[in-house]
Asker: 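Provided herewith is a single structure, encoded as structure tokens, for subsequent inquiry.
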Amino acid sequence: MSTVMSTVEHLDRGPLGRDELAALVARDIPPGSFVNLGIGLPTTVADHLPPDSGVVLHTENGMLGMGPAARGDEIDPDLVNAGKIPVTELPGASYFHHADSFAMMRGGHLDVCVLGAFQVSERGDLANWHTGDPGDIPAVGGAMDLAIGAKQVFVMMTLFTKDGTPKLVPECTYPLTGLACVSRLYTDLAVFHIGPEGVTVTETYGTSVAELASRLEVAVRPAGSRDRTKGAIVSHVHPAADHADHL
Amino acid sequence: MSTVMSTVEHLDRGPLGRDELAALVARDIPPGSFVNLGIGLPTTVADHLPPDSGVVLHTENGMLGMGPAARGDEIDPDLVNAGKIPVTELPGASYFHHADSFAMMRGGHLDVCVLGAFQVSERGDLANWHTGDPGDIPAVGGAMDLAIGAKQVFVMMTLFTKDGTPKLVPECTYPLTGLACVSRLYTDLAVFHIGPEGVTVTETYGTSVAELASRLEVAVRPAGSRDRTKGAIVSHVHPAADHADHL
Amino acid sequence: MTTVFTDPDEAVAGIADGSTVLIGGFGMAGMPVRLIDALIRQGATDLTVVSNNAGNGDTGLAALLAAGRVRKIICSFPRQSDSWVFDGLYRAGKIELELVPQGTLAERMRAAGAGIGAFYCPTGVGTPLAEGKETRVIDGRTYVLEYPIKGDVALIGAHVGDRMGNLVYRKTARNFGPVMATAAALTIAQVHHVVETGALDPEAVVTPCIYVDRILDLSAVEGTS
Amino acid sequence: MTTVFTDPDEAVAGIADGSTVLIGGFGMAGMPVRLIDALIRQGATDLTVVSNNAGNGDTGLAALLAAGRVRKIICSFPRQSDSWVFDGLYRAGKIELELVPQGTLAERMRAAGAGIGAFYCPTGVGTPLAEGKETRVIDGRTYVLEYPIKGDVALIGAHVGDRMGNLVYRKTARNFGPVMATAAALTIAQVHHVVETGALDPEAVVTPCIYVDRILDLSAVEGTS
């Protein structure tokens, strides 16, 4: 069921804004998925899911069927998300305790989680919990559980730091959150798929694959290109096809 | 808080009947205990618990607050005990799934469980699940979980087989259910406490400690007697004292 | 996403030969009888069945065994007065038995559902059921290393489901259902009836919809009383 | 047997110096504030506290830390914008921190309550939080060996309790409460109110009474709004 796609280079526009990036991630979440959206930028993906998507949101503090942020009278101190922000409950919601919630995550039942990151390596290693600065108090929360638990881990980040240092790297220099766990990387400049065959670029925004290749220390290839090492066509399964019935 | 008791020899009467044995066990269950009664003879202990005892019965198929056997219209195929017998629900009951139910058992939260046995060893090893006969289909159910899980394991059995072979033995010859897990043994002829100091007899029925000692291969001593090996007074804590607050 | 079926045969479609099938129920309480009957008609064979008991009488799991579809059974209590079908197959050497203490059976499935690789369990230490297993002393107590039991399919009986797949159970018919639902790649639940999404109390949902792939609505099945 | 208290100070009586205290709550949701305040008055010191966060603002857990009663904290997320009390103590070297991934924290307490000796967990493999820990490859995947966290005391917040000690929670305030209740030798729950035994639906009880030793009925506490 795999479809070989070609990379789309959007050269007639600038990089993606935060909202556009969130919309792009939302587009790639298969209808009916069970999804955990990390704190910060990933949370905004929810605003771009179509109402009929059937996507069910999980929050690791013990809920499936989480609704949008609570406003005004909806605010209930007993109903918060993982970022401790008051949220709402949708029809079909359920509550469970922390051990059950993380069993759900660790057991591989979530289809997708979307996380922010300091760095992602070419093998899909993720660093997003600690700068490693000795002056920083370390805090991990549920980041490591999400990284290793979801069937697919999508990362959202800018591709470069403000001073131009790439955040997609051969090897993470920040302390790791999880090994080889990221399958897709959504950035302001490009979307990357990460797999056993390496890093492929499926879309670019305001830049080209060639330009990206020159700015990164990681070998990136357009989708559908021939992997010179292995001689195989690099192909990408459309997200919806990942979600076929179990049998 | 330990009280040195003397052994009571009931020589003016015969061995205990099944009902009397059950009543004896019921007497020794501290008020307010959480208790699991095994299938068969142990189940009858429930009939002898005073209504104000506050004892809460657990059944391993997922319930606390189990009531007496269901009769007539009370029979509900969704409400059975571990022996698949229809039972009833008492006020304050709760239901939980099998993993939670056995977590409760394994985690040491039950105060007492009462089991039947083929054999008990002088160290408190229990054999109650399999005769070891190659023609017998083995079946263990929750016996091993109960044996190692409850704070105290009481066993009810006849002291001798029909052909006069002792069932309290130096070493079990039947396949084991659990090691050093039985703390009290209630039989038709005597009640035994089993602990690090060995086997002591606290009560006899229709026989004497001396006569028992002559019929068993296990060294048994009356309660309050001096342990010749260790030079210590063998003492018994009254059941109710076992149940002091945690702090 | 959960699909609601009104035809038992459609509900069990696609179960492959050689599958490991987790079957809920404790005795008859929570036993997914209609799904088992459909599985017999469906024809999958060479199955490994995980269930607390090994069938009662001549129906349900016993009928599946009698039809010769089960290569191996993993259970805690196969010896019941009316387990004659299993009894005959076992004595004839026609079925393999892995006997597991009941709590370890539940915990091994929980581990599969919870992503635990293995766990040290105090149950069965020093008994024949721990023979050949790795042990370790932790804080002075001996434990046996136990591995997850993962199902390809779980067939469970619940009380009510909603359209999204959330389930509630009834009394001790809950038993293995919630654990098995987490431990299988494909979970199929038979329920007495299906309600609209939002009709179940979110605080009282026992199996969240994420664990349920297919629901058979018994109230809509022809011939169901 | 569960005892119902109306005086917070009586509810926490007897907690010993050096205890490991499990404290429920995720942020303020489910935080047993009245019990923590009483623990501060009670005076137990040299405590090890296990809680998801390391205190917010200047009240509750933060006040316990500020009072110098906590030797060590085991938590997943001590770095919040209003965790200045912990921050100061940590930077001054006055408190020890054991950082544990949130799910591993919950599972280690579950293991303590469930009699599991240790478990192989995939979380944190290859990261600094697994350094020095035993690992094992099972079915091609690497796991870290994790040990139980047992409490001497658990302080939790629930919604309603009955006189026997059964508890229900409300929405995401459930979080760590049910797990901690199973993992401590002495569990003390504060509830908004206590109902007569039999008033809670047995199907919806989340923490069965066996796990609850003492209940503080907030509705009967003076000065509780």
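Just the heavy atoms: all of them, side chains too, but no hydrogens, waters or symmetry mates, feed the values below. Throughout, protein chains are lettered first and strands after them, A, B, ... in sequence-line order, and every chain is numbered starting at 1.
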Asker: Name the region of B:S94, side chain, backbone, both or neither, that has any atom closer than 4.5 Å to a heavy atom of chain C.
Answerer: neither

Asker: Are B:L37 and B:M66 close enough that some pair of their side-chain heavy atoms sits under 4.5 Å apart?
Answerer: no

Asker: With only heavy atoms counted, which part of C:Y169 is less than 4.5 Å from chain B, the side chain, the backbone, both or neither?
Answerer: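 No part of it gets close to chain B.
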
Asker: Kindly determine whether C:N56 and B:K84 satisfy side-chain hydrogen bond (donor to acceptor under 3.5 Å, both in side chains), including the steps that lead there.
Answerer: CA-CA 12 Å; C:N56 302 79; B:K84 281 111 183 173; over 6 Å; no

Asker: Less than 4.5 Å apart, side chain to side chain, heavy atoms only: is that true for C:M180 and B:H98?
Answerer: no

Asker: Would you verify whether the NZ or CZ of B:K167 falls within 45 degrees of the ring axis of B:F118 while also being under 6.0 Å from that six-membered ring's centre?
Answerer: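 Because its charged atom misses either the 6.0 Å distance or the 45° angle limit, B:K167 does not stack over B:F118.
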
Asker: Measuring from atom CG of C:N175 to atom CG of B:N61, what distance do you get when rounded to the nearest 0.5 angstrom?
Answerer: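 One gets 7.0 Å once the value is rounded to the nearest 0.5 Å.
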
Asker: Can you tell if the side chain of B:F192 reaches within under 4.5 Å of the side chain of B:L216, non-hydrogen atoms only?
Answerer: yes

Asker: For B:P77, which atoms come within 4.5 Å of any heavy atom of chain C: side chain, backbone, both, or neither?
Answerer: backbone

Asker: For B:N81, is it the side chain, the backbone, both or neither that has a heavy atom under 4.5 Å from a heavy atom of chain C?
Answerer: backbone

Asker: Quick one: which of C:S76, C:P178, C:A106 has the most heavy-atom pairs under 4.5 Å with chain B, could you say?
Answerer: C:S76

Asker: What parts of residues 107-119 of chain C touch chain B if we use heavy atoms and a cut-off under 4.5 Å?
Answerer: C:E107, C:R110

Asker: If I take atom OG1 from residue C:T59 and atom CG from residue C:D37, how far apart are they, to the nearest 0.5 angstrom?
Answerer: 7.5 Å

Asker: Of the backbone (N, CA, C, O) and the side chain (C-beta and beyond), which part of C:D87 lies under 4.5 Å from a heavy atom of chain B, both, or neither?
Answerer: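 When you check distances to chain B, atoms from both the backbone and side chain of C:D87 fall under 4.5 Å.
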
Asker: Return the option, out of B:L146, B:T59, B:V140, with the maximum number of heavy-atom pairs under 4.5 Å with chain C.
Answerer: B:V140

Asker: Name the option with the most non-hydrogen atom pairs under 4.5 Å to chain C; the candidates are B:D100, B:V87, B:L79.
Answerer: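 Of B:D100, B:V87, B:L79, B:L79 has the most heavy-atom pairs under 4.5 Å with chain C.
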
Asker: Taking atom CG of B:D52 as the centre, report whether more than 12 heavy atoms of other residues, nucleotides or ligands fall under 6.0 Å from it.
Answerer: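 Yes, CG of B:D52 has more than 12 neighbouring heavy atoms, counting only those of other groups under 6.0 Å.
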
Asker: Let's test your reading of the structure: which of B:G135, B:A127, B:G62 forms the most heavy-atom pairs below 4.5 Å with chain C?
Answerer: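 So the answer, after comparing B:G135, B:A127, B:G62, is B:G135.
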
Asker: What distance separates C:D217 CG from C:I215 CD1, expressed to the nearest 0.5 Å?
Answerer: 8.5 Å

Asker: Which one, B:G132, B:S101, B:A82, leads in non-hydrogen pairs under 4.5 Å with chain C?
Answerer: B:A82

Asker: With a 4.5 Å cut-off on side-chain heavy atoms, are C:L39 and C:L47 touching?
Answerer: yes

Asker: Which residue out of B:T177, B:D125, B:D145 racks up the most heavy-atom pairs below 4.5 Å with chain C?
Answerer: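 Of B:T177, B:D125, B:D145, B:D145 has the most heavy-atom pairs under 4.5 Å with chain C.
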
Asker: Need one label for C:C121: side chain, backbone, both or neither, based on atoms under 4.5 Å from any heavy atom in chain B.
Answerer: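 Only the side chain of C:C121 comes within 4.5 Å of chain B.
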
Asker: Taking NZ, NE, NH1 and NH2 as the nitrogens, is one of them in B:D28 or B:R184 under 4.0 Å from a carboxylate oxygen of the other?
Answerer: yes

Asker: Do the ring planes of B:F154 and B:Y186 sit parallel (below 30°), tilted (30 to 60°) or perpendicular (above 60°)?
Answerer: tilted

Asker: Relative to chain C, which of B:L176, B:V80, B:D136, B:I137 shows the most heavy atom pairs under 4.5 Å?
Answerer: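 Of the candidates given, the most pairs with chain C belong to B:I137.
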
Asker: Using a 6.0 Å cut-off, check whether atom CG of B:D163 has over 12 heavy atoms from anything other than its own residue.
Answerer: yes

Asker: Relative to chain B, which of C:N53, C:T127, C:T142 shows the most heavy atom pairs under 4.5 Å?
Answerer: C:T127

Asker: Could you tell me the separation between the OG atom of C:S51 and the CD1 atom of C:I74, rounded to the nearest 0.5 Å?
Answerer: 11.0 Å

Asker: Regarding C:R174 and B:Y95, is there a side-chain donor-to-acceptor distance under 3.5 Å anywhere?
Answerer: no

Asker: Listed by residue number, which members of residues 90-104 of chain C have a heavy atom under 4.5 Å from any heavy atom of chain B?
Answerer: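 Residues of residues 90-104 of chain C touching chain B at under 4.5 Å: C:Y90, C:R91, C:L97, C:L99, C:V100, C:P101, C:Q102, C:G103, C:T104.
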
Asker: Above 12 or not: heavy atoms from other molecules or residues under 6.0 Å from CZ of B:R18?
Answerer: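 No, CZ of B:R18 has 12 or fewer neighbouring heavy atoms, counting only those of other groups under 6.0 Å.
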
